[in-house]
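A quick write-up on the structure given underneath.
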2 protein chains.
Amino acid sequence: MSSNRINTKSRILEVTWRLLESGNKAIRMADIAKAAGVSRQALYLHFPSRAELLVATTRHIDKVKNVDARLARSRSASSGVERLHAFVDAWGGYIPQIHGISVALRAMRDTDKEAAAAWEDRMQAVRQGCEAAVLAILQDGYLKEGITEITGVDLLWTLLSVENWERLVLECGWSQSEYEQTLKKIAEVSLMSQR
Amino acid sequence: MSSNRINTKSRILEVTWRLLESGNKAIRMADIAKAAGVSRQALYLHFPSRAELLVATTRHIDKVKNVDARLARSRSASSGVERLHAFVDAWGGYIPQIHGISVALRAMRDTDKEAAAAWEDRMQAVRQGCEAAVLAILQDGYLKEGITEITGVDLLWTLLSVENWERLVLECGWSQSEYEQTLKKIAEVSLMSQR
DNA sequence: ATGTCAACTTTACACAGTGTCAAGTATTTC
DNA sequence: GAAATACTTGACACTGTGTAAAGTTGACAT
């Protein structure tokens with residue numbers, strides 16, 4: 001029954017995702033096992049460690065939610081502003097989906113290299129999106145005076161951090177659209193010369 | 001020897017501070033004890049738990065660095081912009097000093113209520129500073145259209161988060177003055193109507 | 001029908017770090 | 001010289017991760 005193994009494996013991933021989404025920050029291996037209806041040890045038959053289970057869950061979510069397609073849309077924009085807006089929509093809209101797992105991964109960063117690397121990787125992908133947007137603005141000739149390409153990317157990347165989303169949406173109670181609109185505006189006034 | 005007890009206690013606080021400043025994220029009770037030249041158990045004679053030791057260290061740093069005096073200076077500014085700038089200087093300049101302990105406190109938030117409360121408390125103090133600045137801008141009549149007092153505070157508070165400082169200064173390699181200058185500018189263009 | 005293999009379960013245990021407990025020691029203080 | 005203070009030492013409970021080994025169950029092949 002090799003299909004059984006596959007079923008169990010993806011069931012574990014689904015369950016992990018669901019538990020992390022619940023907002024409970026202290027999800028243990030035992031919790032995941034219980035929710036998946038397997039023994040705690042069975043988890044280690046499929047994933048070598050907690051960190052790798054979380055990383056695999058991230059990849060699983062990416063696959064299901066189709067990140068690539070989301071981000072591709074921002075690449076087709078013609079002008080710099082459009083590209084900026086499209087990217088804020090794409091990434092900003094994706095944050096809520098991966099928020100649960102992002103909390104777990106970040107919490108493991110200090111103790112686990114794998115988790116740190118996985119999060120770093122994800123962040124570099126976001127940074128690339130920022131880079132493309134800033135470059136498009138630069139090529140349009142609208143990059144603000146005093147902002148270099150690099151500092152512009154640093155800035156946009158920082159503005160669009162998951163932590164800022166958490167603060168505004170979860171802590172301050174902003175709606176997702178308020179978040180997206182405001183961040184677009186701030187990114188604009190911070191990066192682009194207004195005429 | 002009651003003075004001995006006091007010496008040991010403050011030595012523990014100093015050593016904890018120093019170790020946290022070192023950037024090593026995994027400081028254990030045993031490490032602190034060793035560095036302070038006492039047994040691990042002696043720590044529990046002075047502080048009931050790791051969380052309370054960290055909280056006490058925070059208060060100790062505040063006392064030594066004189067936070068209150070720092071923040072008081074921003075309160076004496078006359079105009080809104082000045083107040084904004086003074087607050088960014090005061091808080092932004094304080095972040096590097098408390099960064100080590102802030103990392104430790106935030107890492108404990110998930111598992112420890114005390115640590116969570118201590119950090120929350122600190123953040124609310126910062127928020128009050130933000131509130132005062134935004135209010136001053138509002139009273140000057142320069143608060144940007146579309147920004148309410150509350151959203152303005154949310155925004156400034158988010159911009160001035162320790163996490164954003166970490167990203168720009170530690171991760172992106174900005175200097176402290178680059179950080180301060182840029183944040184002042186962004187806060188200005190985000191919150192104030194430019195004439 | 002029987003044996004084999006894969007996908008589990010069960011039980012046990014090592015390990016790290018926090019926090020508790022009890023008994024012992026050294027120095028001061030009255 | 002007794003009592004109090006500020007420790008030390010050593011043992012241990014607890015939680016969560018990860019490892020190891022032996023047992024169970026069902027599908028499938030011959």
Side-chain angles (χ1 to χ4, degrees), chain A residues 1-16 19-20 22 24-57 101 103-118, chain B residues 1-16 19-20 22 24-57 101 103-118:
Chain A
M1 251 227 279
S2 83
S3 75
N4 212 342
R5 168 157 233 162
I6 291 165
N7 286 340
T8 302
K9 189 161 190 168
S10 60
R11 200 170 67 247
I12 292 170
L13 290 171
E14 285 286 334
V15 146
T16 305
L19 287 178
L20 290 172
S22 78
N24 188 338
K25 285 161 194 295
I27 304 293
R28 295 159 302 179
M29 292 299 267
D31 299 325
I32 296 168
K34 198 174 171 187
V38 294
S39 68
R40 186 174 70 88
Q41 280 57 29
L43 299 182
Y44 292 97
L45 296 175
H46 296 283
F47 307 95
S49 67
R50 186 173 183 273
E52 294 216 43
L53 168 54
L54 292 183
V55 172
T57 304
I101 190 99
V103 170
L105 271 181
R106 276 179 291 148
M108 287 195 80
R109 266 192 303 184
D110 302 337
T111 52
D112 194 289
K113 287 205 164 187
E114 293 239 39
Chain B
M1 249 225 278
S2 86
S3 75
N4 212 344
R5 169 156 234 163
I6 291 163
N7 287 339
T8 302
K9 188 160 189 168
S10 60
R11 201 169 67 248
I12 292 170
L13 290 172
E14 285 286 333
V15 145
T16 304
L19 287 178
L20 290 173
S22 77
N24 188 338
K25 285 159 196 292
I27 306 292
R28 296 157 302 178
M29 292 299 266
D31 299 324
I32 295 169
K34 198 176 172 184
V38 294
S39 68
R40 186 173 70 88
Q41 281 59 27
L43 299 182
Y44 291 98
L45 296 176
H46 297 283
F47 307 95
S49 67
R50 186 172 183 274
E52 294 216 42
L53 168 53
L54 293 183
V55 172
T57 304
I101 190 98
V103 170
L105 272 182
R106 276 179 290 149
M108 286 195 79
R109 265 190 304 182
D110 302 336
T111 52
D112 194 290
K113 286 205 165 186
E114 294 238 36

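Bear in mind the structure is a predicted one, so any value in this text is a computation, not a measurement. Within every chain, numbering begins at 1; the chains are lettered A, B, ... in the order of the sequence lines, protein sequences first and strands thereafter.
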In whole Å, I'd like the distance from the [atom1] atom of [X] to the [atom2] atom of [N].
X     : N      : atom1 : atom2 : result
A:N7  : C:dA6  : CG    : C1'   : 14 Å
A:F47 : D:dT17 : CZ    : C1'   : 16 Å
A:L45 : C:dT9  : CG    : C1'   : 10 Å
A:R11 : C:dA7  : CZ    : P     : 13 Å
A:I12 : C:dA7  : CD1   : C1'   : 11 Å

Would you be so kind as to tabulate the donor-acceptor pairs closer than 3.5 Å made by side chains of residues 109-117 of chain A, with sequence neighbours excluded?
residue : atom : partner : partner atom : Å
A:T111  : OG1  : A:M108  : O            : 3.3
A:D112  : OD1  : A:E114  : N            : 2.8
A:D112  : OD1  : A:A115  : N            : 3.1

Which heavy atom of [X] sits nearest a heavy atom of [Y], and at what distance?
X     : Y      : result
B:F47 : B:A56  : CE2-CB, 3.7 Å
B:N24 : B:I27  : O-CG1, 3.4 Å
B:L54 : B:I101 : O-CD1, 3.4 Å

Quiz item: Would you say B:T8 reaches D:dC7's phosphate, i.e. side-chain N/O to OP1/OP2 under 4.0 Å?
Solution: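 The answer is yes; a side-chain N or O of B:T8 sits under 4.0 Å from OP1 or OP2.
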
Quiz item: Does B:H46 place a side-chain N or O at less than 4.0 Å from the phosphate oxygens OP1/OP2 of D:dA6?
Solution: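 No, outside the criterion.
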
Self-check item: Pairwise distance CZ(A:R50) to OG1(A:T16) - rounded to 0.5 angstrom
Solution: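 If we round to the nearest 0.5 Å, A:R50:CZ and A:T16:OG1 are 9.5 Å apart.
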
Quiz item: Between residues 27-43 of chain A and DNA chain D, which residues have a heavy-atom gap below 4.0 Å?
Solution: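 Going residue by residue through residues 27-43 of chain A, the ones with a heavy atom under 4.0 Å of DNA chain D turn out to be A:R28, A:M29, A:R40, A:Q41.
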
Exercise. Could you work out which one of D:dT8, C:dC8, D:dT17 sits closest to the side chain of A:Y44?
Key: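 In terms of side-chain proximity for A:Y44, the closest of D:dT8, C:dC8, D:dT17 is D:dT17.
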
Quiz item: Hey, are A:R28 and A:D31 close enough for a salt bridge, meaning a charged N less than 4.0 Å from a carboxylate O?
Solution: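 Salt bridge: yes.
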
